[in-house]
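The structure appears below as structure tokens.
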Amino acid sequence: MGKRVAIVGAGVSGLASIRCCLEEGLEPTCFERSNDIGGLWKFLDHAEEGRASIYQSVFTNSSKEMMCFPDFPYPDDYPNYMHHSKLQEYIKTFAQKKNLLRYIQFETLVSNIKKCPSFLVTGQWEVVSEKDGKQESTIFDAVMICSGHHVYPNLPTDSFPGLHQFQGHYLHSRDYKHPDAFKGKRVLVIGLGNSGSDIAVELSRLATQVIISTRSGSWVMSRVWDNGYPWDMVYVTRFASFLRNALPSFVSDWLYVKKMNTWFKHENYGLMPLNGNTSSMLMDSCTLPTTNEMIDDIDEKMGKKLKWFGQSQTLQTDYITYMDELGSFIGAKPNILWLFLTDPQLALEVYFGPCSPYQFRLMGPGKWEGARNAILTQWDRTVKPTRMRAVGEVQRPQHFYNLLRMLSFPVLLLAVWLTFY
């Protein structure tokens, strides 16, 4: 019998955790305080205590090929950027197809998690759950917390002297659902993150005036990138990551600013970020590092986060670097050189194409036989919902030219060195 694992939360991460536990021969039990799966993406017309909350008009910022479960592509007719209802539909289909619902205890709150008295020997945990007013204590070999980080609002009331004297209405975006209540009003939106920008645009159609307040500025970009492709499929590639990390910082910064200012000049709108010009979008088992190694690694990553995102409390990081680091621990990181020697067509798509989740199912303990085909057909699924009528063949990104660019990269570095040194 496999070890028992408690999973708190049945959102996207919770469902993925159930699936991974089953793949590894473990026995998962997932506790979900609501009556449905989906977590953040389960829309309600009111905010509930202890649950993440979204507004009615929310669409995804990541495209379907870049945010799918790695062995479960979206149907090709799904839009590249989805309304939350469409994403919730996909999540439910995944849970049903993978037979995950049987492992979830709905309307069950986890009220306490603590180490067992024998923890130093067994590594076990005591999990106390509540349902229908009754408590139950269960022993588990491991616990996975998948409740997310969007549950509780960050209201900096202490940072605004006199806020309690404000005669108007103020709320966090967590409590925002519809724009109707703001018709004809003057509105101040504090913050220029995804939610702040979305809400400001939506309110501008009904409110008398909408003003955005931003502490440090932000890069404003479109979901649609070069040639009409989704931004993340073009930008989040191994080749692009190589260039960003290999080029001198002043060169990569200049290129980044130039691209960000393609749509409009950020200085003209007072939006240039103050923190600088840069930004960044189991060999059966592995052993945990020592405490000191963990702390050093955290310090290093927090330093990079400060450079990329300033003082923002975002949890974003460099996606490819992060995924490759995790994948290398369990043997799931793609071996690019081996792919070039054995499957050049796939290698080109893996290196120059989008770093989609399927890449981490090509090899290793979670290998999926359909990963290769999913990668080679990802552009077809991307273009499908945009072509209501056929007017020619689908034009995919030309990886051959990217290969030439990579081969000419040493020449570029030499030119930069000769120019500035």
Side-chain angles (χ1 to χ4, degrees), residues 40 52-55 57-63 66-67 80-81 84 148-150 153-156 159-160 170-176 179 182 186-205 207 209-226 229-236 240-241 244 249-281 301-322:
L40 174 69
S53 179
I54 55 176
Y55 38 98
S57 60
V58 164
F59 275 74
T60 62
N61 287 326
S62 297
S63 64
M66 298 296 283
M67 65 179 298
N80 289 314
Y81 295 104
H84 62 77
H149 65 281
H150 293 293
N154 179 23
L155 271 173
S159 301
F160 296 112
Y170 67 90
L171 73 159
H172 190 273
S173 60
R174 180 180 183 275
D175 298 308
Y176 174 82
F182 298 86
R186 297 178 67 237
V187 184
L188 171 64
V189 177
I190 301 175
L192 194 56
N194 298 331
S195 298
S197 303
D198 268 357
I199 292 173
V201 170
E202 186 168 68
L203 291 180
S204 67
R205 302 186 181 106
Q209 184 181 32
V210 178
I211 297 175
I212 299 179
S213 170
T214 172
R215 176 177 55 186
S216 57
S218 182
W219 295 113
V220 180
M221 53 179 277
S222 173
R223 291 182 175 96
V224 181
W225 209 256
D226 298 340
Y229 294 121
W231 77 270
D232 47 3
M233 294 190 71
V234 177
Y235 185 76
V236 187
S241 179
R244 288 193 295 272
S249 59
F250 68 92
V251 176
S252 59
D253 288 355
W254 178 80
L255 290 172
Y256 186 84
V257 172
K258 188 174 184 297
K259 183 61 181 180
M260 287 296 103
N261 281 334
T262 299
W263 297 278
F264 66 91
K265 199 170 183 61
H266 283 65
E267 294 95 320
N268 292 348
Y269 289 81
L271 291 174
M272 178 68 79
L274 299 179
N275 59 294
N277 296 331
T278 58
S279 183
S280 180
M281 306 294 289
K301 287 180 169 59
M302 291 304 291
K304 291 180 179 178
K305 175 180 174 291
L306 183 65
K307 176 180 182 293
W308 294 332
F309 302 105
Q311 297 295 334
S312 169
Q313 295 186 19
T314 179
L315 295 182
Q316 285 179 279
T317 187
D318 187 302
Y319 170 76
I320 297 178
T321 301
Y322 178 73

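Here the shortest heavy-atom pairing between Trp263 and Met221 reads CZ3-CB, 4.4 Å. Of all heavy-atom pairs spanning Leu40 and Ala52, the tightest one is CD1-CB, 3.6 Å. Residues Val187 and Phe182 share a closest heavy-atom pair of CG2-CD2, 3.9 Å. Heavy-atom minimum distance, Met67 versus Ser62: SD-O, 3.3 Å. Scanning all heavy atoms of the two residues, the minimum distance from Ser204 to Val201 falls at OG-O, 2.5 Å. Nearest heavy-atom pair, Gly191 versus Ile212, reported as atom, atom and distance to 0.1 Å: O-CG2, 3.9 Å.
Interatomic distance, Trp231 CH2 to Asn61 CG, rounded to the nearest 0.5 Å: 8.5 Å. Between atom CG of residue Asn261 and atom CG of residue Asn268 there is a gap of 8.5 Å, rounded to the nearest 0.5 Å. Rounded to the nearest 0.5 Å, atoms OH (Tyr81) and CG (Asp232) are 4.5 Å apart. Going from atom NE2 of His84 over to atom OG of Ser57 covers 7.5 Å, rounded to the nearest 0.5 Å. To the nearest 0.5 Å, the span separating CD on Glu202 from OG on Ser197 amounts to 12.5 Å. For the atom pair NE2 of His150 and OG of Ser173, the computed distance is 10.0 Å after rounding to the nearest 0.5 Å.
No hydrogens or angles considered: a donor-acceptor pair under 3.5 Å links the side chains of Asp198 and Tyr55.
At a threshold of 4.5 Å between non-hydrogen side-chain atoms, the residues Ser218 and Leu271 do not count as touching.
Open room surrounds CZ on Arg186; 12 or fewer heavy atoms of other groups in view lie less than 6.0 Å from it.
Evaluation of the ring-ring contact (aromatic ring centres under 6.0 Å, His included) rule for His266 yields Trp219, Phe264 as partners, not counting sequence neighbours. For Leu188, the side-chain contact (heavy atoms from CB on, under 4.5 Å) test picks out Ile190, Ile211, Ser213, with sequence neighbours left out. With sequence neighbours excluded, the residues forming a salt bridge (charged side-chain N to carboxylate O under 4.0 Å, His left out) with Asp226 are Lys259, listed by chain and number.
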Should Tyr176 and Val189 be marked as a side-chain contact (heavy atoms from CB on, under 4.5 Å) after you check the CA-CA gap, both sets of side-chain angles, and the distance that decides it? CA-CA 12 Å; Tyr176 174 82; Val189 177; over 6 Å; no

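Judged purely by atom type and a 3.5 angstrom limit, Ser53 uses its side chain to pair as donor or acceptor with the backbone of Arg174.
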